[in-house]
Amino acid sequence: MYVLIHPDNDFAVTLKSNSYIKKWDIRSDIPIEIQCVPIAYPVYNPDCNCDSIVTVHMRSKIAQRDNCLLNIYSWDDLKLIAQNEITDLKNELFWFQSLSISQDGKTIALASFNECLAFINQSDFKCKKVIDGGEWTSGLVFDNNSKYIAAAHTFQGGGYISIYENFDEDIQVLHESLFRNPELGDFSDSVAKMAFTSNGKYLVVCEVSVNGTGYDDKGKLILYETFTGKLVWAVDLKSDGEENVYPDILIGSNDNLILCGMGRGKIYCYQLTNGNHIGTYNTGYNNAVQSFGIDRKRNRLWLVNEDESLIYIPV
């Protein structure tokens, strides 16, 4: 399940793979379901801006082959307004890993199993740049001003985090590989979710090991300065012995808190200035908090409970 909040904070959508997209009015304490549109394909890491909701599925029923079909829905009525098969510059099929859409509505970034990133013009779906990536790119995110995009790549021999600058006609590398001190490990066999602060000055990275044990303590929370690439701090991700999951991550309304959705219904809270763990919130549900959104206008966190209902937590 995924939760996306419209940037004006009045509406949300929930997405369930092979099932539906639901639109909700979240202006009151009790969310109102407005519309439900069925979808018959897997959903992976969807994203949105003021105008569009973007999803990708892996198989085209038209072509009957594995490929990446990009779908853009309208926020107004969840109407499918565009659908396009994406290829890279070598004209090879583009198998999807993760995506992010810029808030200015101009650029969609896609990560591929072909070990590259493709930057697509939303207006005509033409590819304006392809950059080498990792075997798995688990994190891909634009900042609020559409100026920067960060990517977390992993390789069996070690991984790295890159930051790129987004221009109208080009993408330029700002930091090909951000500094990682020895205590952070080599970032192989890890996945990461990332978030920029509201002004784009800092990048928060949340790493979790996926070595298969399920109960290790290899999570890391890291803060970088975006423009310089400076490592500000890095701390162990508090686990409390809980099973590691692929977490979601949010930054609080005033850029003062980092919120990590983790296993067994828990949300961990950290100070952005120093990485101190300042509390754990238990939602009361057993499922991992793998996707949640923030209503900055009303200071609420929205997530989906075990009954697939949209609920909020005051923050």
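Note that the coordinates shown come from a computational prediction; the quantities given were computed from them, not determined experimentally.
What you find for Ala82 and Phe125 is that their closest heavy atoms are CB-CZ, 3.6 Å. Nearest heavy-atom pair, Leu250 versus Gly293, reported as atom, atom and distance to 0.1 Å: CD1-C, 3.8 Å. The two residues Phe142 and Ala109 come nearest to each other via the heavy atoms CE1-CB, 3.9 Å. Taking both residues in full, the closest heavy atoms of Ile26 and Arg300 are given as O-NH1, 3.5 Å, listed atom of the first, atom of the second, then distance. Contact detail for Asp143 and Gly200: the closest heavy-atom pair is OD2-CA, 4.1 Å. Residues Ser162 and Ser177 share a closest heavy-atom pair of OG-N, 4.4 Å.
Checked for salt-bridge contact, Asp170 and Lys128 miss the test: no charged N lies under 4.0 Å from a carboxylate O. Under the 4.0 Å criterion applied to side-chain N and carboxylate O atoms, Arg27 and Asp25 are assigned as salt-bridge partners. With salt bridges taken as basic N to acidic carboxylate O contacts below 4.0 Å, none links Lys201 and Glu225.
Between Val13 and Leu78 the shortest side-chain heavy-atom distance falls below 4.5 Å. Between Glu165 and Lys147, the closest side-chain pair of non-hydrogen atoms falls below 4.5 Å. Considering only heavy atoms from C-beta on, Val130 stays 4.5 Å or farther from Phe119 through its side chain. Counting heavy atoms from C-beta outward, Ile81 and Tyr73 have side chains that stay 4.5 Å or more apart. Contact of the Leu117 side chain with the Leu110 side chain is not registered, since no non-hydrogen atoms from C-beta on lie closer than 4.5 Å. For the pair Asp51 and Trp75, the minimum side-chain heavy-atom distance is 4.5 Å or more. Annotation: side chain of Leu257 is not in contact with side chain of Leu272 (no heavy-atom distance under 4.5 Å). Taking 4.5 Å as the limit, every side-chain heavy atom of Leu223 sits out of range of all side-chain heavy atoms of Leu231.
Gln271 CD: more than 12 foreign heavy atoms inside a 6.0 Å radius. The number of heavy-atom neighbours closer than 6.0 Å to OH of Tyr281, taken from other residues, nucleotides and ligands shown, is above 12.
Applying the side-chain contact (heavy atoms from CB on, under 4.5 Å) test between Met194 and each of Ile161, Ile149, Leu140, Ile249 identifies Ile161 as the sole match. Screening Asp295, Leu259, Val289 for a side-chain contact (heavy atoms from CB on, under 4.5 Å) involving Leu301 leaves a single residue, Leu259. With respect to Thr107, the side-chain contact (heavy atoms from CB on, under 4.5 Å) criterion is satisfied by exactly one of Ser102, Ser123, Ser146: Ser102.
Linking ILVMFWY residues whenever their side-chain heavy atoms come closer than 4.5 Å, directly or via other members, leaves Val304 and Val37 in distinct clusters. Ile34 and Met1 fall into different hydrophobic clusters, defined by Ile, Leu, Val, Met, Phe, Trp and Tyr side-chain heavy atoms under 4.5 Å apart, directly or through other members. There is a path of hydrophobic side-chain contacts, each under 4.5 Å, that joins Ile171 to Val173. Residues Val232 and Val235 share a hydrophobic cluster, clusters being chains of Ile/Leu/Val/Met/Phe/Trp/Tyr side chains in contact below 4.5 Å. Placement of Tyr224 and Phe227 within a single hydrophobic cluster is found when ILVMFWY residues are connected by side-chain heavy-atom separations under 4.5 Å, directly or transitively.
Atom-to-atom distance recorded for Ile101:CD1 and Ile72:CD1 is 6.0 Å, nearest 0.5 angstrom. Here the straight-line distance linking atom NZ of Lys129 with atom CD1 of Ile131 works out to 5.5 Å at 0.5 Å rounding. Here the straight-line distance linking atom OH of Tyr148 with atom OG1 of Thr226 works out to 6.5 Å at 0.5 Å rounding. To the nearest 0.5 angstrom, Thr14 atom OG1 is 9.0 Å from Ile21 atom CD1. The distance from the SG atom of Cys48 to the CG atom of Leu4 is 4.5 Å, given to the nearest 0.5 Å. Rounding to the nearest 0.5 Å places CD1 of Ile53 at 7.5 Å from OG of Ser74.
Side-chain heavy-atom separations under 4.5 angstrom define the hydrophobic clusters, and Phe167 shares its cluster with no other residue.
Relative ring orientation between Trp302 and Tyr312 is described as tilted, the plane-to-plane angle lying within the 30° to 60° band.
Within the 3.5 Å criterion, the main-chain N or O of Asn166 finds no donor-acceptor partner in the side chain of Gln172. Of the possible donor and acceptor atoms, one in the side chain of Asn49 sits under 3.5 Å from a partner among the backbone N and O of Ser52. With hydrogens and angles ignored, the 3.5 Å screen pairs a side-chain donor or acceptor of Asp104 with a backbone N or O of Lys106. Between the side chain of His175 and the backbone N or O of Gly229, at least one donor-acceptor pair lies under 3.5 Å. Ser98 places no side-chain N or O within donor-acceptor distance of the main-chain N or O of Gly139, the cut-off being under 3.5 Å. Between the side chain of Thr137 and the main chain of His153, no donor-acceptor pair closer than 3.5 Å is present. Under a 3.5 Å cut-off, the side chain of Asn274 and the backbone N or O of Asn276 do form a donor-acceptor pair. Panel note: side chain Thr283, backbone Gly265; a donor-acceptor pair is recorded below 3.5 Å.
Remark: the Asn144 side chain and the Ser198 side chain contain no N/O donor-acceptor pair separated by less than 3.5 Å. Looking at Glu308 and Tyr20, their side chains do bring a donor and an acceptor atom within 3.5 Å of each other.
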Ile39 and Thr55: CA distance, side-chain angles, deciding distance, side chain to side chain contact (heavy atoms under 4.5 Å, CB included) verdict: CA-CA 11 Å; Ile39 52 175; Thr55 69; over 6 Å; no
Evaluate side chain to side chain contact (heavy atoms under 4.5 Å, CB included) for Tyr268 paired with Leu221, printing each intermediate quantity in order. CA-CA 11 Å; Tyr268 300 155; Leu221 195 64; over 6 Å; no
Which atom pairs, donor and acceptor, lie under 3.5 Å between side-chain atoms of residues 5-12 and protein residues at least two apart or in another chain?
unit_1: His6; atom_1: ND1; unit_2: Asp8; atom_2: N; d: 3.0
unit_1: His6; atom_1: ND1; unit_2: Asp8; atom_2: OD1; d: 3.0
unit_1: His6; atom_1: NE2; unit_2: Cys50; atom_2: O; d: 2.8
unit_1: Asp8; atom_1: OD1; unit_2: Asp10; atom_2: N; d: 3.0
unit_1: Asn9; atom_1: OD1; unit_2: Arg296; atom_2: N; d: 3.1
unit_1: Asn9; atom_1: ND2; unit_2: Pro7; atom_2: O; d: 3.3
unit_1: Asp10; atom_1: OD1; unit_2: Lys297; atom_2: NZ; d: 3.1
unit_1: Asp10; atom_1: OD1; unit_2: Arg298; atom_2: NH2; d: 2.7

